Each structure stands twice: as C-alpha cells, then as structure tokens.
Amino acid sequence: MENITLLIGIVIVTALVFDFTNGFHDTANAMATTISTGALKPKTAVAMSAVLNLVGAFLSVEVAKTISGGIIDESAGIRPEVIFAGLVGAIVWNLLTWLAGLPSSSSHALFGGLIGATVASVGFDAVNADKVVMKVLIPAVAAPIVAGIAAWAATRLTFRLAKGRDEADTAKGYRAGQIASAALVSLAHGTNDAQKTMGVITLALVTGGVVAPHSDPPLWVVVSAGLAIALGTYLGGWRIIQTLGKGLADIKPAQGFAAQTGAATVILASSHIGFALSTTQVCSGSIMGSGLGRKGGVVRWSTAGRMVAAWGLTLPAAGLVAAGAALLADQGDWGIAAVAVLGLGVSGAIWAASRRKPVTHDNVNDLNTPQGLPEEPVGVVTAALQAVAPPPAAPSAPVTTAAAPAAPAAATTG
Amino acid sequence: MHIDWAALGQVFGVSLVVTVGLVGVFTLGILGTSRKPATTTSAPADTAGTTALARTGAYACFALCAAAVGYGIYLIVA
C-alpha cells in the first residue's frame, strides 16, 4: 500500500466517485416503486437501501474477480491512465442520464468506458469481444423481456386472485411484501455493483504492480467501495426514482409488489445460474410488465422509448467519452490533469443544470404527467419531514467529493 | 460466438415460475388475513371455521414467502 503512486491514487478516487454515482443512479431500481406506492417514505427507503448496499458490499468478493479478469485483457498492457479514462467516461454518462432522469445501467457505462479507453489506448485486440456480447449485449436485451414477462404474469395472477377485494384492505399486505423484495434487490445490488468498483480498483492496483494479479481486493478497498455506494444510494437519484416510480407506469401496491418480486427473483436467479442480468434493465422491465398486467394499466411508451434509447447509447457513449479521455490522458501528466479538469467541469455543469428543476425527496412523487396523477398521501409526510429538516442539496455531494481530491491532484501533476 | 441459450432459458423459466408462484402464494396470504367482502365465493371452505382455517393457511403462505426471502439471502451470501 506504501508504493501507490499519485496516478493510482487518482484512479482509486475516480473509481470511488464512479461507485458513488452508481449508488446514486441505482437507488431507483430497488426503491422507485416502493416510494411511489407509499410502502416506505422516501427518506426511509433510501436509508434502508443504503444500509443494505453497504452490507451487500461485504458479503462476497466473487464478482470483483471476474470483472478485473474478464472483459478486458489485463495482460495486454492496460495502464492506470486507461482505467482512469474509462471511469471518467462512465461517470459523465451516468451523470448525463441522471440529469435526463433515465435509468441506464451503471455497469454498462463502466464496461463501455473501459472498452472505449482500452480501444483508444491499446487497440481492439485487448477487448474480449465474446465477453462483451455475453456480458453486456445479450443481457441488455434479455433482462427487460424476462423480467417484464414474469412481472406481467404475476400482476395478472395477483389481480385475478384478489378480485372483489377492497384495495384498501390488501394494499397494506402488498406494501409489506414489497419492502421485503426491495430489500433483496438492494442487497443484491450491493454485492454486485460495489464489487465492480472493487474490481476496478483491484485492476488498477494490479496494473500498477501494487498487488499480485488475480488477488482478492484488500479490505480497505472493500470498505471504501461499500461506503461510497451506500452514500450515493442514500443521497438518492431522485430524478430516476421519479421516472421509474411514476413516469413509466401507474403503479398500485399490488403491481409494485409483483414488479419488485419479479425483479428480485430475476436478479437472484440470473446471478445464481451464472447469466448475470443488469439490475437496471431488470427493474425497468418488471415495472413495465406490471404496468401492463393490470387491466386498464398504462405504460408511457414515450418514456419507455427514451429509456431504451439511453440503454442502447450507454455503451457507445461512455466508450466515446472514455476514448477521448484516454487519447488525452496518453499525452502525459498534463493530459491526465486536463481529463480530470474537464471531467470536473462537465460534472459541475450537469449538476448546475440539474438545479434548475431539482427533484428531491419531497417532490419525487409529484409528476406532472399528461395523465395527471393523483397526489400520494406521502406528500403530506414528506412536507412534514421537510419542515423538520430542510432538504439538503442532494446532488451537490458528487461534485464536492470529486473536486476535493482531484483538484490538488491536478495541481501537482499539471 | 458462443451464446449460452440454455442458461438464459433456465433464467427465464426459473424467474417466471418463482415470481408467479411467490406472488400467487403471497396474494393468497393477503386474502386469508384481509377482511372478506360480503358476497365472497373465493374461499373454497364455507361458513363456520373458515376464518380460522383461512388464517392458518394465510400464515403458512407468509411463512413460505419468508422462507423464499431467506433462500434469496442465502443465494446472495453464498
């Protein structure tokens, strides 16, 4: 640990920032419908998700090994600069999709970034094309379909069984069940996604010669990755929560339960069988499926279309940004400094743009859709919450976390 | 290019069966514990003793779901 160079330090910090945006981005997966159906108050929901993400990060190091040794050929001369450029690409794309309120896969952004940076810096040979297809493309198509059909069928069944029952009577049970499913999704997310960051940091340490190839991530890596993802989750990407919880479909408690259970099942089944599906796509698919499963249920296809377009763009867009960053970073120390400064500038600009129409935990359930959704009773609770504790400027943290460590870094390397 | 269709099919099958099964069982549990409307025909048993039976059945359903959640946690940890 003593011989970590400045560059590797920058990579580690950037990886943690990515981890933060990952948690931030993916809170919606577990908690969007939980919040929109009123199963949990917004703040409670993100707090629970954050804790479970943190716990999940400590549960296993299985994924971390496969990410650092999978898609990219580490032996082909991947240097820390390349990883840094890849992370910058992934972060920028994550922030952009967050600004647009679109749930896109953070893992795909990470893969795209790493692939783009590797191609720009080393060449196509260093990327395992087979692995890209198997781990990114096929799952991206399969996940929403599998989850959507499962959630659709489950929604149909539960509405048929509960026919004739007063919704007020059953809603409580559904909400309780939904909390359990959402907890599983959060836990699974922590084990999967925090480990991607651990994998990246370990990869950086391996390329820098600090740890031996194919070794487990050191404990401090596990701890910091877990904390970063939990913090991001807690601050909550409210824009994406709003889209998934309210924008995509009108979700009643029964549907929320069916969608969340379907998502949890698909995520666990896929990772257990060894065909990992992206959490984001699974959750979006299951929400759409349950939206269609209710008689008279609507899915807002324009929102769904934008979301699918964002999925398609994630890999190439993050890859392009990362490729540009890699070319710049290859120019030497000033190039790396320029990438850091540009990355911070873009992040700051995105954050500034988001402040024009902030979405926070107290307006997350009010969405002015064409259908004119009825306001949830949650609004009252959150209004009270707001009176007690004024809402923090949630999205300001990623900028400050990024700014603090990278600014001195830029000064020293430049 | 090798695509593992078998694994994908397995994921699909398992997900569909487990999701529908769990949601179905949980719904039965909710039905057993929630208030019945006056003109019910959904419960197979009739008149006296129905509520006790329904309750027991409902708790069994919830227990099954809890077991499924436990298994889920086991899968995550293992």
Side-chain angles (χ1 to χ4, degrees), chain A residues 56 59-60 62 129-130 133-134 138-139 142 145-147 149-151 153-166 168-174 176-177 180-181 183-184 187-188 190-192 254 257-258 261-275 277 282 286, chain B residues 1-44 50-51 54-55 57-78:
Chain A
L59 287 181
S60 139
E62 208 50 46
D130 276 22
V133 171
M134 271 306 286
I138 306 265
I145 297 174
V146 171
I149 291 176
T155 308
R156 292 278 307 229
L157 176 74
T158 193
F159 273 109
R160 177 165 295 217
L161 285 176
K163 207 162 64 178
R165 290 305 176 95
D166 189 2
D169 283 343
T170 54
K172 208 176 141 202
Y174 282 127
S181 319
L184 276 184
L187 196 62
T191 42
N192 279 312
F257 170 65
T261 306
T265 309
V266 173
I267 291 164
L268 290 180
S270 66
S271 61
H272 185 58
I273 293 170
F275 200 98
L277 298 176
V282 166
S286 68
Chain B
M1 192 85 53
H2 171 71
I3 297 169
D4 199 347
W5 291 111
L8 183 57
Q10 229 179 327
V11 169
F12 181 71
V14 170
S15 300
L16 190 64
V17 169
V18 173
T19 305
V20 172
L22 271 182
V23 170
V25 168
F26 194 82
T27 308
L28 290 179
I30 289 177
L31 293 183
T33 48
S34 73
R35 212 152 28 88
K36 278 205 183 57
T39 58
T40 181
T41 46
S42 57
T50 309
T51 33
R55 281 205 162 261
Y59 289 137
C61 289
F62 287 139
L64 196 63
C65 292
V69 171
Y71 184 62
I73 293 172
Y74 165 76
L75 283 185
I76 293 173
V77 174

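Letters go in sequence order (proteins before strands), and every chain restarts at 1. The figures that follow rest on heavy atoms only: side chains count, while hydrogens, waters and symmetry mates do not. Given the structure is predicted, the values throughout are model-derived calculations rather than measurements.
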Next item on the list: Check each atom of A:Ile138 against the heavy atoms of chain B and say whether the ones under 4.5 Å are side chain, backbone, both or neither.
Entry: side chain

Next item on the list: Report the option among B:Val23, B:Val69, B:Val20, B:Val77 that has the most heavy-atom pairs separated by less than 4.5 Å from atoms of chain A.
Entry: B:Val23

Checklist line | Closest non-hydrogen atom pair, A:Gly262 against B:Thr19 | finding: CA-CG2, 3.3 Å

Next item on the list: Grab the two heavy atoms, one from A:Ala150 and one from B:Leu16, that are nearest each other, plus how far apart they are.
Entry: CA-CD1, 3.5 Å

Item checked: A:Ile267 versus chain B, the contacting section by heavy-atom distance below 4.5 Å -> neither

Notebook entry, point to check: Checking heavy atoms, do the side chain of A:Leu187, its backbone, both or neither come under 4.5 Å from chain B?
Noted result: both

Check: How many angstroms lie between CG in A:Leu268 and CD1 in B:Ile73, if you round to the nearest 0.5 Å?
Finding: 9.5 Å

Notebook entry, point to check: Are the side chains of A:Ile149 and B:Phe12 in touch, meaning some heavy atoms are under 4.5 Å apart?
Noted result: yes

Check: How far apart are the closest heavy atoms of B:Ala7 and A:Ile273, and which atoms are they?
Finding: O-CG2, 4.0 Å

Checklist line | When B:Val14, B:Thr33, B:Val17, B:Leu8 are compared by non-hydrogen pairs under 4.5 Å with chain A, the top option | finding: B:Leu8

Next item on the list: Starting at CG of A:Leu157, measure out to CG of B:Leu22 and round the result to the nearest 0.5 Å.
Entry: 11.5 Å

Check: Side chain, backbone, both or neither: which part of B:Leu75 has a heavy atom under 4.5 Å from chain A?
Finding: side chain

Notebook entry, point to check: Closest heavy-atom contact between A:Ala269 and B:Val11?
Noted result: O-CG2, 4.3 Å

Next item on the list: Look up atom OG1 in A:Thr170 and atom CG in B:Leu31, then write down how far apart they are to the nearest 0.5 Å.
Entry: 8.0 Å

Next item on the list: State, yes or no, whether a side-chain contact exists between B:Ile76 and A:Leu59 at a heavy-atom distance under 4.5 Å.
Entry: yes

